[in-house]
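Both backbone and side-chain heavy atoms feed into the values below; hydrogens, waters and symmetry mates do not. Numbers restart at 1 for each chain; the letters A, B, ... are given by sequence-line order, proteins then strands. Model, not experiment: these values are computed from the prediction.
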Amino acid sequence: MRNFSSRLQTWYKDHRRPLPFRDTQDPYRTWIAEIILQQTRIAQGLPHYERFIKTFPKIQDLALTSEKEVLYLWQGLGYYSRARNLHKGARYIFYELGGKFPKTAQAWRRVCGVGPYTAAALASFLHREKVPTLDGNVFRVATRLFGIAEPIARSSTRRRIEGLLLDLMPDDDPGEFNQALMEFGSLHCSPRPKCVSCPFQTDCYAYLHQNTGSFPNKGIKKALKDRFFHYILIQQGDKILFRKRGQKDIWQGLYEPLLVEREKLCGWDELKSDLNPCLRKNKPSLISGSVRHVLTHQRLHIIFFHLSLDKTEDLNKMASDLEMSAFLPALIPLPIVLGRYLIREETGTYGRPKSSATAG
DNA sequence: AAATCGGGGCC
DNA sequence: GGCCCAGATTT
């Protein structure tokens, strides 16, 4: 293909969006932005990026804080392993590398949470290393352009795309090329492409075959698994009992009220058998309808029960019996769906979850 | 290679 | 409802 790079740059000059993380050469800011933007739309990640830079302006600030603070700031962004890895990565760079950021893609790969894409992005943006950034946008553009029908999940397919892109990349500014290609995939060669005004019409396999819909080949995706969560809000005054979620499931490291998971939605009487005896004498003062919350591989159905303890009862003993702790919900990292229903900052009370008309 | 990990915007 | 997003890690 002739002049692909220069024609892409021509397009980019007219369509480049100025973005806060794009107009800096600060490795710390670029790194934070790339982690936040993994599998996250720019519009969604931007407010969190601004908050992160404001709260932790330098690598030292991030390295010296606690994981809980990082998770709290990450609240609502999803894929929380990114937050935990970002924190580990900050400590690695600060303590092991003396606060000096890696300069090559290979060295960046040693930082927790930095995979093939992010290493390529950082090395090419910051140090002009000639290495392609293979993200969702680039896969879409490349498979259409070259007519690559093999599944993009396959490593052989990725190696092939990487080789083809290396041949198109200019030596003088690979980082600019990478950003231009991603921007082109994002704004023009989108899932529903704007082929009528595409500068690569005469080169694109998919356009010439009127076949853009079959690229990229993303394979077959699994069906969602339904899960049924029953949360029991044990409240006294402005505090609720919470427990930190463990490993090997969703929402690692985040906090939640007492949880009973079942194969289907249950009422209070059916639930009691699984409860600590200290709770059986209470009757929930509020039962909500079910809330639906969809994740990548799971559809959660959530019901909230509300136990309001009066002042004569000992919240700390109950917490101890249940291996939980009393917190103000507004001050701990919560899964967004729980925060949405537990926190009503304007009134200082805990909101009643809305019912949803689901059949379960 | 396949499974797992969030949440939101758009059609 | 389905699709996809400036992917990484674990199994």
Sugar-phosphate, base or nothing in reach of A:F21, heavy atoms under 4.0 Å: base
Sugar-phosphate only, base, or nothing, as touched by A:S81 at under 4.0 Å among non-hydrogen atoms: nothing
Spacing between A:I35 atom CD1 and C:dC5 atom P, to the nearest angstrom: 18 Å
Pair A:E183 + A:R16: basic N to acidic O under 4.0 Å: no
Sugar-phosphate, base or nothing in reach of A:T133, heavy atoms under 4.0 Å: nothing
Distance (rounded to the nearest 0.5 Å) between A:I32 CD1 and A:L86 CG: 4.5 Å
B:dT4 phosphate, OP1 or OP2, under 4.0 Å from A:K248 side-chain N/O: no
Contact nearer the 5' end of DNA chain B, comparing A:Q298 with A:A153: A:A153
Touch class at under 4.0 angstrom, heavy-atom based, for A:R22 against every strand present: base
Touch class at under 4.0 angstrom, heavy-atom based, for A:V114 against every strand present: sugar-phosphate
Selected nucleotide, minimal atom distance to A:K222 side chain, candidates B:dT4, C:dA8, B:dG7: B:dT4
A:R140 side-chain N/O to C:dC5 phosphate OP1/OP2 under 4.0 Å: yes
Side-chain N,O (A:Y80) to OP1/OP2 (B:dG7) below 4.0 Å: yes
Touch class at under 4.0 angstrom, heavy-atom based, for A:Q252 against every strand present: nothing
Nearest atoms (heavy-atom pairs only) where A:T212 meets A:C195: CG2-SG, 3.9 Å
Sugar-phosphate, base or nothing in reach of A:S190, heavy atoms under 4.0 Å: nothing
Sugar-phosphate, base or nothing in reach of A:G76, heavy atoms under 4.0 Å: sugar-phosphate
Residue A:R292, side-chain heavy atoms: nucleotide from C:dT9, C:dG7, C:dG1 that is nearest: C:dG1
Sugar-phosphate, base or nothing in reach of A:R17, heavy atoms under 4.0 Å: nothing
Sugar-phosphate only, base, or nothing, as touched by A:L77 at under 4.0 Å among non-hydrogen atoms: base
Interatomic distance where CG belongs to A:L46 and P belongs to B:dG8 [whole Å]: 16 Å
Touch class at under 4.0 angstrom, heavy-atom based, for A:D249 against every strand present: sugar-phosphate
Residues A:R84 and A:Q252: side-chain donor-acceptor under 3.5 angstrom: yes
